[in-house]
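Working notes for the structure below.
Because the structure is predicted, anything quoted here is derived from the model rather than measured.
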Amino acid sequence: MEQFLKNLPKLAKDKDNESKKFFAKLKSKPPKNLDYVMQELHDNEFKKTDCLECANCCKTTGPLFTDKDIERIAKHFKMKSKQFIGQYLRIDEDNDYVLQTVPCTFLGADNYCSIYEVRPKACREFPHTDRKKFQQISNLTLKNVAMCPAAFNIVEEMKKRIKL
């Protein structure tokens with residue numbers, strides 16, 4: 001896994017043009033069964049992939065925190081939302097709340113998340129490969145394949161399965 005993670009950014013970059021062309025076609029003419037195919041590809045990949053072996057998403061990027069996420073997590077810590085924001089978050093260039101530091105403050109050395117039960121929506125849904133109307137998030141997916149082995153494998157399998 002470690003070697004694959006090390007090579008993943010280069011692998012993703014090598015496939016970038018091919019993937020961009022594929023996603024452009026997918027966006028303009030998505031197959032009727034796309035959501036079904038994506039759910040199947042997602043489920044199959046996560047039968048083989050254990051996020052606890054990797055946690056690269058937690059090590060290399062930070063999630064976006066919604067107001068609901070902030071309220072829920074602050075409550076978990078028995079803090080006020082403003083206190084939680086001050087201690088853990090900052091506002092990014094898009095005016096969104098994100099972590100002050102990466103890797104994630106809540107990631108343990110064993111790759112377990114200390115707030116797993118109340119984690120942000122962005123973390124719960126990552127890598128977003130089972131999302132409805134998948135074709136609408138192609139830019140996000142292209143970023144995710146460079147950091148998430150599962151997303152990379154799903155997109156590569158998708159390009160084989162879906163003929164455009």
Side-chain angles (χ1 to χ4, degrees), residues 1-73 91-99 102-104 106-107 111-113 115-164:
M1 175 60 85
E2 222 170 285
Q3 191 59 42
F4 187 63
L5 276 177
K6 200 173 172 182
N7 295 331
L8 189 57
K10 185 186 179 330
L11 283 170
K13 191 172 178 11
D14 291 348
K15 302 265 185 184
D16 193 53
N17 283 340
E18 175 188 307
S19 295
K20 280 181 180 167
K21 286 176 188 169
F22 177 81
F23 279 117
K25 286 181 187 174
L26 187 70
K27 230 178 192 169
S28 67
K29 197 172 191 285
K32 287 186 182 8
N33 66 341
L34 180 62
D35 289 346
Y36 173 79
V37 171
M38 291 312 299
Q39 186 66 56
E40 186 182 326
L41 292 173
H42 177 90
D43 291 346
N44 288 344
E45 182 60 34
F46 282 99
K47 285 176 187 165
K48 301 180 281 190
T49 300
D50 179 3
C51 293
L52 291 173
E53 286 181 23
C54 177
N56 201 41
C57 51
C58 308
K59 293 172 183 172
T60 60
T61 63
L64 195 107
F65 284 74
T66 66
D67 291 340
K68 282 184 179 180
D69 293 331
I70 293 166
E71 281 178 40
R72 184 178 60 256
I73 300 166
I91 294 177
D92 71 1
E93 59 282 349
D94 296 324
N95 220 20
D96 293 316
Y97 282 111
V98 295
L99 290 169
V102 173
C104 180
F106 307 111
L107 181 68
N111 286 345
Y112 276 86
C113 173
I115 61 166
Y116 189 79
E117 295 305 318
V118 294
R119 70 195 184 280
K121 181 178 188 248
C123 298
R124 283 195 310 271
E125 294 179 354
F126 191 84
H128 313 286
T129 47
D130 60 347
R131 190 157 143 181
K132 301 271 186 250
K133 297 183 181 169
F134 177 78
Q135 72 278 9
Q136 294 177 347
I137 59 162
S138 55
N139 291 345
L140 178 62
T141 303
L142 287 169
K143 284 182 192 169
N144 291 345
V145 297
M147 86 172 93
C148 175
F152 179 85
N153 291 338
I154 289 167
V155 167
E156 289 307 302
E157 192 58 35
M158 183 181 148
K159 289 190 287 191
K160 291 176 197 166
R161 280 263 309 266
I162 298 173
K163 300 298 174 211
L164 300 171

Exercise. Does P127 reach the side chain of C148, with side-chain heavy atoms less than 4.5 Å apart?
Worked result: yes
For this session: Quick one: closest heavy-atom pair of K59 and C54, and the distance?
Result: NZ-O, 3.1 Å
Problem set entry | Donor + acceptor pair across side chains of Q39, D35 (<3.5 Å) | no
For this session: If a pair satisfies side chain to side chain donor-acceptor pair (under 3.5 Å) and one of its residues is in residues 47-57, list it, with sequence neighbours excluded.
Result: E45-T49
Exercise. Do other residues, nucleotides or ligands put more than 12 heavy atoms under 6.0 Å from the CZ atom of F4?
Worked result: yes
For this session: State, to 0.1 Å, how close L107 and A55 come at their nearest heavy-atom pair, and which atoms those are.
Result: CD1-CB, 4.1 Å
Exercise. Does a donor on one side chain sit under 3.5 Å from an acceptor on the other, for D69 and T66?
Worked result: yes
Seminar exercise, completed: In terms of heavy-atom contacts, A146 and A12 come closest through CA-CB, 3.6 Å
Exercise. For the residue pair V102 and T60, what are the closest heavy atoms and their distance?
Worked result: CG1-C, 3.5 Å
Exercise. Donor-acceptor pair, D94 side chain versus D96 backbone, under 3.5 Å?
Worked result: no
Exercise. What's the verdict on side-chain contact (heavy atoms from CB on, under 4.5 Å) for Y97 and L64, showing C-alpha distance, side-chain angles and the deciding distance?
Worked result: CA-CA 6 Å; Y97 282 111; L64 195 107; over 6 Å; no
Problem set entry | Any side-chain heavy-atom pair of T129 and L41 under 4.5 Å | no
For this session: Hey, can you tell me if F134 and F23 have their rings parallel, tilted or perpendicular (30° and 60° cut-offs)?
Result: tilted
Exercise. Do you know which two heavy atoms are closest between C57 and M147, and how far apart they sit?
Worked result: CA-SD, 3.9 Å
Going by atom type alone, with no hydrogens or angles, which donor-acceptor pairs under 3.5 Å involve a side-chain atom of residues 157-164 and a protein atom two or more places apart or on another chain?
residue	atom	partner	partner atom	Å
K159	NZ	E18	OE2	2.8
K159	NZ	S19	OG	2.8
K159	NZ	E156	OE2	2.8
R161	NH1	E40	OE2	3.3
K163	NZ	K160	O	2.7

Problem set entry | Qualifying residues under side chain to side chain donor-acceptor pair (under 3.5 Å), relative to K20, sequence neighbours excluded | D16
Exercise. Would you call L11 and K15 a side-chain contact if the rule is heavy atoms closer than 4.5 Å?
Worked result: no
Exercise. Hey, does the side chain of R119 reach the backbone of C113 with a donor-acceptor pair shorter than 3.5 angstrom?
Worked result: no
Exercise. Quick one: does N33's side chain have a donor or acceptor within less than 3.5 Å of a partner on Y36's backbone?
Worked result: no
Problem set entry | Over 12 non-hydrogen atoms of neighbours within 6.0 angstrom of CZ in F65 | yes
Exercise. With sequence neighbours left out, what residues match F46 under ring-ring contact (aromatic ring centres under 6.0 Å, His included)?
Worked result: H42
Problem set entry | Student check: side-chain heavy atoms of L8 and P149 closer than 4.5 Å | yes
Problem set entry | Residue pair K6 / Q3, side-chain heavy-atom distance below 4.5 Å | yes
For this session: Return the set of residues passing side chain to side chain donor-acceptor pair (under 3.5 Å) with N44 (not counting sequence neighbours), or none when no residue passes.
Result: none
Exercise. To the nearest 0.5 Å, what is the distance between CD1 (I73) and CD1 (I115)?
Worked result: 4.0 Å
Seminar exercise, completed: Between L99 and G62, the two heavy atoms sitting closest are CD1-CA, 4.2 Å
For this session: State, yes or no, whether a side-chain contact exists between P31 and L26 at a heavy-atom distance under 4.5 Å.
Result: yes
For this session: Output all residues satisfying ring-ring contact (aromatic ring centres under 6.0 Å, His included) with F126, sequence neighbours left out; order by chain, then residue number.
Result: H128
